[in-house]
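Right, one structure below, let's go through it.
The first residue of the sequence shown is numbered 1, and numbering continues consecutively from there. Keep in mind that what you see is a predicted model, and the values were worked out from it rather than measured.
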Amino acid sequence: MKSFSIIIMLLLLGCSISCTAQKKEAISTTEIAFLYNTDSLLHHVRILSSDVFEGRRTGTTGALKAKDYIVSKLQKLQVKPLVENYEQSFSFSSRKKDYQGVNILGLISGSDYPEKYIVISAHYDHEGIKNGQIYNGADDDASGVSAMLAFAEYFQKHQPKHSVILAFFDAEELGLQGSRYYVDNTIEPLESIKLNMNMDMVSRNDKNELYITGARDNEAFKNAIENQDTSEGFKFLMGHDGKDGKQNWTFSSDHGSFFRKGIPFLYFGVEDHNDYHRPTDDYENIHPEFYKLVVQNIISLFTEIDALNL
């Protein structure tokens, strides 16, 4: 009986250690806020949406400056390039004009499922200069770009289980050209991409609400969102998927290119606001506190989904 009691005690001790380890592995939404620099998050948006970048229109000097800025930050954050110098160049024509675009691609290797990929994306181009006015695109989509750099900073401390490709797409405003080229010319096998998480316009909303499109038809993603312990006063809303009477966002940004290839996606975005595609989409008009909540909650949701074997 004494031997049996010892065995029981050892089993209980093992369970206790295992449960403690699992608790330590789980990271709360609040803790995530301290695993990247929120000052840097806002700084990147402010810089990328300044007049120096001239609206970041594809093929312009401003776009080149934006590309160099993003690459320099990836290097500083020790993100490996997926392709040489991070740059995937492509060309296309739009409205009888030829363009040269550049996608920026970084790689973080996964610990458990290195051959399976989650692509996290945002587009760094915008409308450029029109009629002498600069369309700076702070929300659209310097906010998504800076959120991706926050992801990169987070991954410095917490390696993802799946491999992650950070894709900064060019020429979204000209018809999803960068993401379309990427899915047609992937470096990794297309079937190994298990999910695209795309962020486009995530920095301002009066109601502290962020929509997620693409989850309703995937029970695992839907459950992860519904069970998410979000920050107080912040809401994830599923919708804009063609089933709720709202504008259908399935093809509204770069996630549409993945959807066309049969790849699951989650698109994160706010409702259109008064400065959408106007020269007034400036840094001064974003909502910094809401934006910080958005990023920490998206990263938290990512950790929940990354824990699944996709």
Side-chain angles (χ1 to χ4, degrees), residues 45 94 103 118-127 135 137-148 151 167-183 193-226 228 230 234-278 281 285-287 290-291 293-295 297-299 301-302 305:
V45 177
S94 177
N103 293 329
I118 297 174
V119 176
I120 302 176
S121 61
H123 71 91
Y124 71 92
D125 67 301
H126 194 55
E127 294 286 325
Y135 287 62
D139 191 36
D140 186 11
D141 187 30
S143 65
V145 170
S146 186
M148 286 178 60
F151 261 102
F168 302 81
F169 289 127
D170 197 358
E172 187 270 354
E173 301 287 7
L174 293 170
L176 317 185
Q177 298 291 343
S179 57
R180 182 182 302 178
Y181 183 85
Y182 171 77
V183 297
I193 300 176
K194 301 304 177 181
L195 172 65
N196 169 230
M197 295 179 66
N198 185 45
M199 297 176 287
D200 192 350
M201 297 174 58
V202 293
S203 66
R204 54 183 291 183
N205 182 266
D206 294 327
K207 300 178 181 178
N208 280 358
E209 295 174 346
L210 186 77
Y211 271 95
I212 304 177
T213 303
R216 285 184 189 267
D217 295 329
N218 188 303
E219 281 300 314
F221 299 158
K222 183 179 176 182
N223 289 337
I225 295 166
E226 289 177 340
Q228 180 71 11
T230 55
F234 173 83
K235 289 183 181 179
F236 276 137
L237 299 176
M238 287 183 282
H240 284 284
D241 51 12
K243 300 178 181 178
D244 55 6
K246 298 180 181 294
Q247 184 183 25
N248 190 343
W249 290 350
T250 301
F251 297 100
S252 67
S253 184
D254 288 311
H255 55 277
S257 298
F258 290 83
F259 181 69
R260 287 188 176 95
K261 294 290 186 180
I263 297 170
F265 73 89
L266 294 175
Y267 165 55
F268 301 85
V270 298
E271 296 273 13
D272 289 353
H273 45 72
N274 291 335
D275 300 313
Y276 171 65
H277 276 199
R278 293 183 180 178
D281 184 9
N285 292 325
I286 73 167
H287 301 160
F290 168 72
Y291 182 40
L293 289 177
V294 164
V295 174
N297 280 277
I298 292 178
I299 293 177
L301 180 59
F302 167 85
I305 292 173

Keeping [X] on the side-chain end and [Y] on the backbone end, is there a donor-acceptor pair under 3.5 Å?
X: D139; Y: V202; result: yes
X: H126; Y: D141; result: no
X: N196; Y: V119; result: yes

Minimum heavy-atom separation for [X] to [Y], with atom names?
X: K207; Y: N205; value: N-OD1, 2.8 Å
X: S253; Y: L176; value: O-CD1, 3.4 Å
X: K243; Y: D217; value: NZ-OD1, 2.5 Å
X: Y291; Y: S143; value: OH-O, 2.5 Å
X: F236; Y: I298; value: CZ-N, 4.0 Å
X: I263; Y: K194; value: CG2-C, 4.4 Å

Atom pair [atom1] ([X]) and [atom2] ([Y]), whose distance is rounded to the nearest 0.5 Å:
X: N103; Y: R180; atom1: CG; atom2: CZ; result: 12.5 Å
X: F259; Y: N198; atom1: CZ; atom2: CG; result: 14.0 Å
X: L210; Y: L293; atom1: CG; atom2: CG; result: 10.5 Å
X: E173; Y: H277; atom1: CD; atom2: NE2; result: 3.5 Å
X: H240; Y: S252; atom1: NE2; atom2: OG; result: 9.5 Å
X: F258; Y: Y182; atom1: CZ; atom2: OH; result: 5.5 Å

Residues passing the side chain to side chain contact (heavy atoms under 4.5 Å, CB included) test with F302, sequence neighbours excluded, are I118, I120, F151, F155, P160, V164, M197, D306
Contacts of H287 meeting side chain to side chain contact (heavy atoms under 4.5 Å, CB included) (sequence neighbours excluded), chain-then-number -> R204, D206, F290
The side-chain contact (heavy atoms from CB on, under 4.5 Å) partner of D275 among I286, D140, N285 is N285
When N297, V295, L301 are each screened for side-chain contact (heavy atoms from CB on, under 4.5 Å) with I299, the one that passes is V295
With a 3.5 Å cut-off and no angle check, do the side chains of D254 and S121 form a donor-acceptor pair? no
So salt bridge (charged side-chain N to carboxylate O under 4.0 Å, His left out) across residues 258-269, not counting sequence neighbours, yields D184-K261
- Evaluate side chain to side chain contact (heavy atoms under 4.5 Å, CB included) for D272 paired with Q247, printing each intermediate quantity in order. CA-CA 10 Å; D272 289 353; Q247 184 183 25; 4.3 Å; yes
Could you go through Y124 and D170, starting from their C-alpha distance and side-chain angles, then the distance that decides it, and tell me whether this counts as side chain to side chain contact (heavy atoms under 4.5 Å, CB included)? CA-CA 6 Å; Y124 71 92; D170 197 358; 3.4 Å; yes
task: Start with the C-alpha gap between Y267 and T250, add the side-chain angles, then the distance that decides, and say whether side chain to side chain contact (heavy atoms under 4.5 Å, CB included) holds.
output: CA-CA 8 Å; Y267 165 55; T250 301; over 6 Å; no
Q | side chain to side chain contact (heavy atoms under 4.5 Å, CB included) assessment of K222 paired with N218 | A | CA-CA 6 Å; K222 183 179 176 182; N218 188 303; over 6 Å; no
